[in-house]
Structure formats: structure tokens, C-alpha cells
Amino acid sequence: MSNESSANPQSPAAMRSMDDIVALCRRRGFIWQSSEIYGGINGFWDYGPLGVELKRNLKEAWWHDIVRCPGKGPDGNLIDMVGVDCTIIMNPKVWEASGHVASFADPMSTCSKCGNSVRADHIWEVLSTQCAWLDSLLQEFEHFTGRIDAGHLMRWARGKGKHKAPNLALVRNPEVTLTWLSERINDQPNNPPDMKELVQYIATEQFAATGLQTPCPLCGGEMSEARAFKLMFESHAGLSQTEDNKVYLRPETAQGIFTQFWNVVDTSRVKVPFGIAQVGKAFRNEVTPRHYTYRSREFEQMEIEFFIRPDQAAEWYAYWRDARYNWWKSIGLAGDNLQLREHDREELAHYAKEGAGVCDIEYRFPFTAPGFGELEGVAHRADYDLKAHATACGKGDKLRYFDQERNERYFPHVIEPSAGADRGTLALLCEAYTPDSNRPSGVYMKFHPRLAPIKAAIFPLVNKDGMPEVAEKLYMQLRQKWNVQIDVKQNIGKRYARMDEAGTPYCFTIDSDTLNDQTVTVRHRDTLQQERIGLDKVAAFLSEKIGG
RNA sequence: GCGGGUGUAGCUCAGUGGUAGAGCGUCACGUUGCCAACGUGAAUGUCGUGAGUUCGAAUCUCAUCACCCGCUCCA
């Protein structure tokens with residue numbers, strides 16, 4: 001990212017370069033690399049003293065607004081929401097039922113010449129739709145009559161083919177390759193090869209040794225056997241390490257909620273519509289962890305599974321989509337950097353094709369700009385998960401939810417707002433980062449006061465004349481309710497500057513007037529303005545500005 | 001996984017084969033009278049890591065790790 005910031009220091013992007021944000025996060029103790037003294041580990045990040053407060057504030061704001069005080073739904077009734085906290089390691093059958101074991105092990109094929117990797121089940125689609133050299137080859141056969149013309153192939157191999165598919169067997173060694181192909185045609189004159197087989201023949205040099213090969217869509221080289229990438233972390237529960245006790249670290253928190261759905265219904269007096277919320281770690285063996293904490297291998301989710309009557313999916317989907325978008329706005333991500341994006345039908349996941357919709361709430365991170373990156377997804381998952389678990393555990397329709405009012409049984413549909421706590425924290429950091437050449441620190445963190453890691457700082461103007469004693473008394477009082485800091489060292493400007501970089505919204509300074517008239521100055525982070533308020537009014541001031 | 005780039009103190013960087021440095025920051029003491037002031041002093045380095053070449057390597061070579069960029073991936 002050093003290129004990004006140095007390339008064009010005048011551009012708006014450079015004003016908010018990721019490099020500078022990362023540097024501040026490190027310098028002030030928001031985020032560090034995991035195991036940094038050993039060189040770090042790709043895809044894992046730690047939160048420092050300020051970072052942990054910020055992330056906790058985000059999770060607590062979410063829990064407060066979602067579980068404790070969720071507001072009214074589209075039906076005008078108060079929303080019913082309860083929380084759970086499920087384990088990271090679950091019975092492996094959970095992941096078979098959810099489809100993760102199958103879909104998280106997408107077999108990949110790699111080109112032995114150029115190293116290009118393609119999903120094995122997509123390779124023919126890629127070859128037929130996005131392959132430049134195959135397009136070029138097929139143009140040679142525009143007037144293709146059904147007869148395979150070795151002369152045509154040879155001419156292409158020695159001309160265009162050399163540039164477009166240098167590693168294709170036909171290009172490297174056309175004589176041998178065409179020998180195998182003509183043998184095939186002569187052996188079975190009544191069964192000419194179809195397009196797929198033809199493409200495999202021209203990709204094959206050592207037919208006797210290797211059998212038919214599949215060519216690389218980029219360079220024509222041979223693609224390797226498909227091998228599975230394990231996208232779920234694996235471990236073993238028990239001392240021996242065998243297939244029998246293999247377990248997975250959960251790749252999402254949602255499945256804990258689904259598997260406990262029936263216990264919640266039986267014990268919590270909730271009835272549809274209602275929601276179950278959970279905050280917790282999830283793990284994915286991402287191929288390429290990138291962009292600071294944005295795509296990590298260990299991350300934290302804040303998920304709601306909201307259970308509804310199937311016929312009410314559309315209105316609840318719309319409700320959660322708007323509620324969640326507005327929530328992110330309310331904690332300080334207002335403006336052009338936040339957007340709501342409905343998915344096209346084509347990009348929908350398998351469980352959502354027929355649903356009321358899927359959307360992402362996206363933030364314009366410096367590394368995605370001018371594009372956006374996902375903060376939260378809101379998806380109508382229909383009854384896919386509850387049904388899958390009901391079937392997999394062998395109880396099937398017996399696990400349908402009984403709707404007393406309507407006297408009917410059904411599997412509730414699910415609207416799932418699933419947010420990333422680490423991505424949210426990163427967005428808050430990026431949004432807060434505000435360069436300001438007029439202040440000593442050169443930058444300040446403009447956190448919404450509700451999310452700010454430190455709510456207020458208490459400073460004696462000088463470290464004598466009874467000021468420290470007054471400051472300490474105020475500090476002892478305020479810290480019972482808020483995360484506040486006291487600092488008596490060094491000059492006042494330096495202390496303000498430090499608080500600017502920590503994003504502390506208010507500083508209370510005790511000076512000589514305090515000793516006479518029992519007032520303190522309040523210094524506002526964003527405006528640098530100061531006002532005087534009574535020493536006994538400080539707690540009320542914070543309550544009004546921050547809550548709590 | 002592929003290709004390109006980067007890696008020296010907390011930060012910004014200097015050091016191109018011969019004693020590892022500066023500024024800022026941090027800490028201590030003094031001072032202080034509202035925005036990184038001043039004075040004195042102090043601490044802080046596996047020169048990303050590991051090998052190799054060399055009498056001698058931060059410097060040259062190779063490997064490796066981490067980060068950044070572009071592909072790829074993103075259920």
C-alpha cells in the first residue's frame with residue numbers, strides 16, 4: 001500500500017490511505033499482527049488495548065440494539081429476540097447437513113505450466129466461455145463442416161497458437177499430438193470426437209503415459225488432477241488423531257443457532273416471528289487472506305436468525321434489510337461510504353435462489369475504493385437449514401414448528417442478517433480516520449461517542465497545586481460507568497494530541513479556576529472548542545452525550 | 001496457488017563489504033498556566049528469519065516468512 005499513498009499524495013484516496021490507517025492502528029494499539037515477534041502468521045490479527053475496547057463497544061451496541069431493545073417489526077409488534085452462545089466445535093454431522101463439508105472442499109485444478117488454478121467443476125465452462133486461445137482456434141473452423149482437418153490445426157498451431165496458447169501440446173509438438181488424434185479418428189470412424197474430446201486431444205502430448213489431458217484456459221498447459229482445498233479448519237476431539245474423531249472449527253456461527261432452534265422454542269416461550277442472536281468466532285481457511293483484517297482466517301460474526309412464517313418472508317426481509325442498514329448508519333458509518341446492494345438472482349447462494357432476496361450492506365474501504373466491501377449480508381435462507389438438520393438427524397417432519405394460533409405445522413423460514421465484527425471494526429477505524437493539518441497530531445479519530453474506546457480523559461492542567469487530587473477524584477467517579485483515562489504527565493497539548501489519535505470525544509481539564517469556582521473545561525475533539533461546566537455536572541454531561 | 005514489490009529502533013528513514021545511526025515518539029527528573037513547548041538524562045535493534053560466499057555481511061547469493069499490489073478464491 002505504500003505505492004498507493006506515495007503514487008498520488010494529492011488524491012482523496014491518499015488522504016485516507018490504508019497505510020496511514022494501519023500505521024495509526026499499530027502505533028496507538030488498535031490492531032497488531034498475531035504472534036508478531038515470530039514474524040506473524042498470515043490471516044490472523046490481534047486487538048490491542050484500544051482495539052479491544054472499540055470492538056467490544058461495537059459488539060455491545062449490536063447486542064443492546066438487537067437482543068435487549070430490538071424495536072417493533074413490520075407487524076407493529078415488539079420484536080422477540082433471544083441470544084445463545086454455542087461452541088466453535090460441533091458434531092461433524094452438522095457440517096455435513098449444512099452442506100459445508102461438500103461445498104467447502106471445492107476440488108481445484110492447477111496448470112502445471114503457468115500455475116493458474118481453476119475450480120475443477122468450472123473448467124469446461126471457463127474453457128467454453130472465457131478462453132481466448134480456444135476462441136481463436138474455433139474461428140479457424142468458422143466454416144466447420146464436421147470434418148477434422150489436420151492441416152488447419154497445424155497451421156493454427158504454427159501461427160496464432162504460438163502466441164495465444166504457448167503451452168498447448170498441439171503448439172509445442174503438433175506432429176505427435178495430431179498422430180494421437182488421427183489414430184483416434186481412424187480407429188472409430190463412425191464415432192468422431194466431440195468438441196470436448198477434441199480439445200483434450202490437442203492438449204495431450206504423451207497420450208500413452210498420461211491419458212487425455214485438460215488444457216489450461218490461459219496458456220494451454222496441462223491441468224493437474226483436481227485436488228480438494230480444505231476451507232474448514234480441522235482438528236481432532238480426543239487423543240488419537242483418526243478420521244473417526246475428526247472435527248471442524250465452525251466456518252459460521254449460524255449452524256449453532258439452527259441446531260438449538262428446538263431447545264429455544266421449548267424453553268423460551270418465543271413464538272414465530274422471533275429471532276435468535278449470537279456473537280462468536282468463526283474460522284475459514286481462506287485461500288488468500290488480504291486487506292488487513294478484512295479477510296482473516298479467524299474472525300468474529302454477529303448473526304441473527306430470524307424465524308418467520310413462510311408467507312411473510314418478503315416483508316421481514318425488507319424490514320431487516322432496512323433496519324440493519326440504518327443501524328450501521330446510526331453508529332457512524334453514514335454518508336457515501338455506506339451502501340445497500342441487492343444481489344442479482346445469478347449470484348445467489350444455493351439456499352436462496354427462490355427466496356425473497358439477498359443483499360449486502362457494504363462499506364467503501366480505502367482498499368476497495370472506488371468499490372465497496374461487504375460488512376453484513378442479509379439473506380432469506382428459506383427453510384433450508386432447519387429442514388436439512390431435521391432430515392439429517394432422522395426426525396424429519398416431526399421437528400416442524402407448531403403454530404398454535406393458526407393450528408398448523410411448518411418449518412419456519414429464516415431471514416439471516418449476518419455481520420462481521422472485525423469488518424465492522426475496520427470500517428469504524430477507516431471512517432473515523434480524519435487528517436487535520438491544523439492540529440498537532442495531524443490526524444484524529446472521529447469515532448461516534450458510543451463506539452469510542454475511551455469516552456473521556458481527565459487532565460490536571462499542571463501536576464501541582466491540588467489539581468491532581470481533584471482530577472483523581474473525578475476519575476474515580478467517572479470510571480464506574482465509562483472507560484475514562486487520567487493523565488497527569490507532560491504538557492496539556494501533548495495529552496490532547498494523544499487523545500485525538502485515540503478518538504476520545506471529550507477531555508475534562510482541571511485548572512486553577514476549578515479550585516475556586518468548581519468548574520472544569522470540556523474540550524471537544526471534533527471542534528477543538530472548549531466550554532466550562534460545573535465539576536458536579538460532568539457525569540450528567542457524559543450521560544447526555546454518550547448514554548449509560 | 002501464480003506474478004510483481006517491500007522488509008534496519010514504536011514511527012519516518014540514512015547506512016552498498018570493515019565499530020548499527022538520526023529525527024520524532026516513549027520513559028525518568030526538573031519545569032509547566034489550554035493544544036505534540038523547554039532543559040537534562042535514560043531505555044529500546046534476532047538489520048524479518050535461516051543458510052551460503054567472505055578474514056569480515058544490514059550490504060552479495062539462495063531459500064523461507066510476513067506485508068502491499070495485480071490475478072485467483074470469497075460456500
Side-chain angles (χ1 to χ4, degrees), chain A residues 1-7 17-20 22-24 26-29 32-45 48 95 98-106 108-119 122 126 216-219 224 227 229 231-232 251-252 254 282 284-292 294-295 297 347-352 367 373-374 377 379 436 438-444 459-465 467 488-501 507-514 520-523 525 528-530 532:
Chain A
M1 263 174 231
S2 52
N3 298 336
E4 187 185 310
S5 55
S6 57
S17 97
M18 203 57 209
D19 258 2
D20 296 339
V22 169
L24 183 137
R26 172 176 172 67
R27 180 168 80 239
R28 291 273 87 124
W32 298 312
Q33 245 187 312
S34 169
S35 357
E36 191 186 274
I37 61 167
Y38 289 104
I41 176 167
N42 193 353
F44 298 87
W45 299 90
W95 308 111
S98 68
H100 286 85
V101 169
S103 66
F104 263 44
D106 294 332
M108 303 289 286
S109 204
T110 307
C111 174
S112 59
K113 293 289 191 298
C114 74
N116 175 38
S117 254
V118 184
R119 252 177 77 169
H122 284 174
V126 173
C216 170
L218 292 184
C219 74
S224 71
R227 65 193 165 94
F229 281 84
L231 270 72
M232 278 197 289
E252 63 175 26
R284 293 179 198 177
N285 222 339
E286 296 287 356
V287 178
T288 314
R290 262 304 156 84
H291 297 319
Y292 206 31
Y294 181 77
R295 176 167 297 132
R297 290 188 165 134
E347 62 176 306
L348 292 187
H350 56 101
Y351 50 73
F367 48 79
E374 180 186 348
D436 178 0
N438 291 325
R439 59 181 80 203
S441 54
V443 63
Y444 68 108
F459 300 145
L461 185 58
V462 291
N463 196 13
K464 61 178 185 185
D465 296 346
M467 295 180 207
V488 302
K489 300 288 176 65
Q490 299 173 316
N491 74 62
I492 193 75
K494 196 174 263 195
R495 288 177 273 167
Y496 285 151
R498 262 199 293 264
M499 285 303 142
D500 277 347
E501 285 199 336
C507 295
F508 301 108
T509 300
I510 284 82
D511 57 20
S512 52
D513 290 343
T514 309
V520 298
T521 60
V522 186
R523 183 255 196 190
R525 175 195 65 198
L528 303 178
Q529 299 298 307
Q530 297 193 6
R532 286 200 85 86

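On a predicted model such as this, the values are computed, not experimentally measured, just so you know. Lettering follows sequence order; numbering is per chain, from 1.
With B/A36, B/C34, B/C71 as the candidates, the nucleotide lying closest to the side chain of A/Thr288 is B/C71. In this structure, the nucleotide among B/G70, B/G33, B/U72 sitting nearest to the side chain of A/Arg290 is B/G70. In the set B/U32, B/A36, B/A66, B/U32 carries the atom at the smallest distance from any side-chain atom of A/Lys464.
Atom CG of A/Leu461 and atom P of B/U31 are 15 Å apart (whole Å). For the pair A/Gln33 CD and B/C65 C1', the computed distance is 10 Å after rounding to whole Å. Remark: C1' of B/C34 and CD of A/Gln529 are 13 Å apart, rounded to the nearest angstrom. Between A/Asn42 atom CG and B/C73 atom P the separation is 18 Å, expressed in whole Å.
Evaluation of atom-type donor-acceptor distances gives a pair under 3.5 Å for the side chain of A/Gln530 against the base of B/C34. A donor N or O paired with an acceptor N or O is found under 3.5 Å between the base of B/C35 and the side-chain atoms of A/Arg523. The base of B/C34 sits with one of its N or O atoms less than 3.5 Å from a complementary donor or acceptor on the side chain of A/Thr521. If you check distances only, the side chain of A/Tyr292 never reaches the base of B/C67 with a donor-acceptor pair under 3.5 Å.
Looking at every heavy atom in both residues, A/Phe459 comes nearest to A/Cys507 through CE1-SG, 3.8 Å. Annotation for A/Thr521 and A/Arg532: closest pair CG2-NH1, 3.2 Å, computed over non-hydrogen atoms. Nearest heavy-atom pair across A/Trp32 and A/Gly48 is CZ3-CA, 3.5 Å. Counting all heavy atoms, side chain and backbone alike, A/Asp500 lies closest to A/Val443 at CB-O, 4.1 Å. Looking at every heavy atom in both residues, A/Trp45 comes nearest to A/Gln33 through CZ3-CG, 3.6 Å.
The separation of B/U46 from B/A57, taken at their C1' atoms, amounts to 15 Å, rounded to a whole angstrom. B/U8 sits 15 Å from B/C67 when the P atoms are compared, rounded to a whole Å. Taking atom P on both B/G56 and B/G18, the two are 14 Å apart, rounded to the nearest angstrom. As rounded to the nearest Å, B/G15 and B/G48 have P atoms that lie 15 Å from one another. Straight-line distance between the P atoms of B/G10 and B/U53: roughly 32 Å, to the nearest whole Å. Comparing the P positions of B/U31 and B/G21 gives an interatomic distance of 34 Å, to the nearest angstrom. B/C73 and B/G5: their P atoms are spaced 24 Å apart (whole Å).
Within the shown strands, nothing qualifies as a pairing partner of B/C35 under the Watson-Crick or G-U definition with both distances less than 3.5 Å.
Side-chain contact between A/Thr509 and A/Arg523: absent, with no pair of heavy atoms (C-beta onward) separated by less than 4.5 Å.
Taking the ring-ring contact (aromatic ring centres under 6.0 Å, His included) definition, one finds that A/Tyr444 meets it with nothing, sequence neighbours left out.
Judged by distance alone, with hydrogens and angles left aside, the side-chain atoms of A/Arg439 form no donor-acceptor pair with the main-chain N or O of A/Ala497 at under 3.5 Å. A donor-acceptor pair under 3.5 Å is formed between the side chain of A/Arg297 and the backbone N or O of A/Glu286. With hydrogens and angles disregarded, no donor-acceptor distance shorter than 3.5 Å links the side chain of A/Arg498 to the backbone of A/Arg28.
Residue A/Gly373 is out of contact with every strand shown, counting any heavy-atom pair closer than 4.0 Å. Within the 4.0 angstrom heavy-atom criterion, base atoms lie near A/Met467. Within 4.0 Å of A/Asn463, counting heavy atoms only, lies at least one base atom of the nucleic acid. Using a 4.0 Å heavy-atom cutoff across all strands shown, A/Glu501 reaches at least one base atom of the nucleic acid.
Listed pair A/Asn491 / B/A37 meets the phosphate criterion, a side-chain N or O lying under 4.0 Å from OP1 or OP2. Put simply, A/His291 has no side-chain N or O that comes within less than 4.0 Å of OP1 or OP2 on B/C67.
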Please list each protein N or O that sits under 3.5 Å from an N or O in nucleotides 21-29 of chain B, with the distance.
from, atom 1, to, atom 2, distance (Å)
B/U26, OP1, A/Arg498, NH1, 2.4
B/U26, OP2, A/Lys494, NZ, 3.3
B/A28, OP1, A/Lys489, NZ, 3.0

What nitrogen or oxygen pairs link the protein and nucleotides 41-46 of chain B at under 3.5 Å?
from, atom 1, to, atom 2, distance (Å)
B/U46, O4, A/Ile37, O, 2.6

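One finds the CG atom of A/Asp20 at 10.0 Å from the CE atom of A/Met18 (value rounded to the nearest 0.5 Å).
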